[in-house]
Amino acid sequence: MVSPKTERVHTSYHQAVTATGRLSSTDPNLQNIPIRSEQGRKIRQAFIAPTNYKIVAIDYSQIELRIMAHLSNDKGLVTAFSEGKDIHRATAAEIFAVELDEVTTDQRRSAKAINFGLIYGMSAFGLAKQLNIGRHQAQEYQDKYFQRYPGVLTYMEDTRQQASEQGFVETLFGRRLYLPDIKAKNGMRKKAAERAAINAPMQGTAADIIKKAMLAVAAWLSEQNDDRVKMTMQVHDELIFEIHQDIVEETTAKLVELMNNAVELSVPLIAEAGMGDNWDEAH
DNA sequence: ATTCAAGGCGCG
DNA sequence: AAAGCGCGCCTTGAAT
């Protein structure tokens with residue numbers, strides 16, 4: 001797949017494929033290059049910067065949960081983000097009724113699973129399977145969560161209702177996902193449509209935001225007219241750049257700022273940068 | 001030789 | 001029976 005012209009590998013991005021407004025990447029797909037395992041990382045290390053250049057990866061921190069905070073306007077969630085808290089730890093402290101510094105590794109792990117599960121519309125059954133606990137206990141976790149973050153519960157209920165009444169849901173910027181199965185007689189199809197309805201405003205708004213960030217970056221790059229900075233990839237909540245080593249520090253700072261200010265939410269939007277000679281080191 | 005569906009698995 | 005969102009690629013087995 002190396003281009004004879006550039007002697008590099010080029011993906012193709014597709015802008016009108018996904019249900020939520022994300023890009024997709026093919027031939028090759030560069031949005032699912034391994035990173036989680038040690039063995040996988042070795043593959044990522046094969047993506048290297050040109051001589052005298054660095055790979056810079058800048059990713060949004062917890063963007064979907066921040067969007068949930070913004071959309072639901074839940075007081076506890078908004079406050080936690082505004083105070084710069086570790087959100088999974090903060091959630092654990094609330095659910096398990098302990099102080100922040102008393103949260104155990106296991107409690108944080110559980111809270112993280114709950115936070116992710118919420119974004120996906122997961123049920124108590126799914127949470128139980130994920131955490132390898134009983135259904136009853138999973139239900140208690142969920143109940144406790146909604147007790148502590150009532151705004152999130154209201155948001156979930158409102159989203160389902162709106163989906164049912166209108167047949168679609170919207171991102172913060174108004175892009176719609178139509179849900180033909182939302183009134184299906186088949187309970188499973190209906191439940192699946194409800195989960196998609198819950199997820200789409202968050203995943204979709206995140207997609208909207210990074211597209212705005214890419215436009216802001218592109219405009220700035222065009223203004224700079226300096227070919228020592230290149231935006232080379234997008235992986236859903238992160239942008240990857242190649243930057244000449246002579247200007248990497250100040251350029252990275254500027255790019256982080258552009259991403260942070262792509263939109264304004266009721267909670268801070270935080271982008272974090274990593275740098276290295278290869279894509280693995282940049283994380 | 002090509003196409004399709006299903007299962008498995010990589011990522012956010 | 002299935003109960004977690006969004007993707008793309010590989011392999012397998014069957015059909016065209």
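Sequence lines set the chain letters: A, B, ... in the order given, protein chains first and strands last, and positions in each chain run from 1. Predicted model, so just to flag it, every value in this text is computed and none were measured.
Under a hydrophobic clustering in which Ile, Leu, Val, Met, Phe, Trp and Tyr are joined whenever their side-chain heavy atoms come within less than 4.5 Å, directly or via other members, L23(A) and V217(A) fall into different clusters.
On a pure distance criterion of 3.5 Å, no polar donor-acceptor pair joins the side chain of Q31(A) and the base of dC11(B).
A close approach under 4.0 Å does not occur between any side-chain nitrogen or oxygen of R36(A) and OP1 or OP2 of dG10(B). In terms of phosphate contacts, T18(A) brings no side-chain nitrogen or oxygen within less than 4.0 Å of OP1 or OP2 of dC7(C).
Note on G117(A): nothing from the nucleic acid sits closer than 4.0 angstrom, heavy atoms only. As judged by a 4.0 angstrom heavy-atom cut-off over every strand, D27(A) is placed among residues touching the sugar-phosphate backbone only. Residue I33(A) is in sugar-phosphate contact alone, with no base atom involved, counting any heavy-atom pair closer than 4.0 Å across all strands shown. Nucleic acid contact class of I35(A) (heavy atoms, under 4.0 Å, all strands): sugar-phosphate only. Within 4.0 Å of R195(A), counting heavy atoms only, lie sugar-phosphate atoms of the nucleic acid but no base atom.
Rounded to an integer number of Å, the gap from N32(A) CG to dG6(C) P is 17 Å. Spacing between atom CD of E194(A) and atom C1' of dG6(C) amounts to 18 Å, rounded to whole angstrom units. The CZ-C1' distance, from R44(A) to dC11(B), rounds to 8 Å in whole Å. Atom CE of M233(A) and atom C1' of dG12(B) are 14 Å apart (whole Å). Between N199(A) atom CG and dG12(B) atom P there is a gap of 16 Å when expressed in whole angstrom units. H236(A) has its NE2 atom 9 Å from the P atom of dG8(C), to the nearest Å. If you take NE2 of H14(A) and C1' of dG8(C), they are 10 Å apart, rounded to a whole angstrom. If you measure from atom CZ of R22(A) to atom C1' of dC5(C), you get 8 Å, rounded to the nearest angstrom.
When distances are taken from the side chain of E238(A) to each of dG12(B), dC9(C), dA2(C), the shortest belongs to dG12(B). Counting only heavy atoms from C-beta on, T26(A) has its side chain closest to dC9(C) among dC5(C), dC7(C), dC9(C). For M188(A), whose side chain is taken as the heavy atoms from C-beta onward, the closest listed nucleotide among dA2(C), dG6(C), dG8(C) is dA2(C). For N29(A), the side-chain atoms get nearest to dG8(C) when compared with the rest of dG8(C), dA3(C), dG6(C). When distances are taken from the side chain of P34(A) to each of dG8(C), dG6(C), dC11(B), the shortest belongs to dC11(B).
Counting only heavy atoms from C-beta outward, the side chains of S110(A) and Y141(A) approach each other to under 4.5 Å.
Mapping A19(A) and L127(A) onto DNA chain C by nearest heavy atom places L127(A) at the nucleotide closer to the 5' end.
Look at the P atom in both dA1(C) and dG7(B): the space between them is 15 Å, to the nearest Å. Distance check on atom P: dA6(B) versus dA2(C) gives 13 Å, rounded to whole Å.
Of the N and O atoms on the side chains of S25(A) and H14(A), not one donor lies less than 3.5 Å from an acceptor on the other residue. Inspection of the Q203(A) and T20(A) side chains reveals an N or O donor paired with an N or O acceptor under 3.5 Å.
Taking 4.0 Å as the cut-off between side-chain N and carboxylate O, R160(A) and E194(A) count as a salt-bridged pair.
Considering all non-hydrogen atoms of both residues, A200(A) and T171(A) come closest at O-CG2, 4.3 Å.
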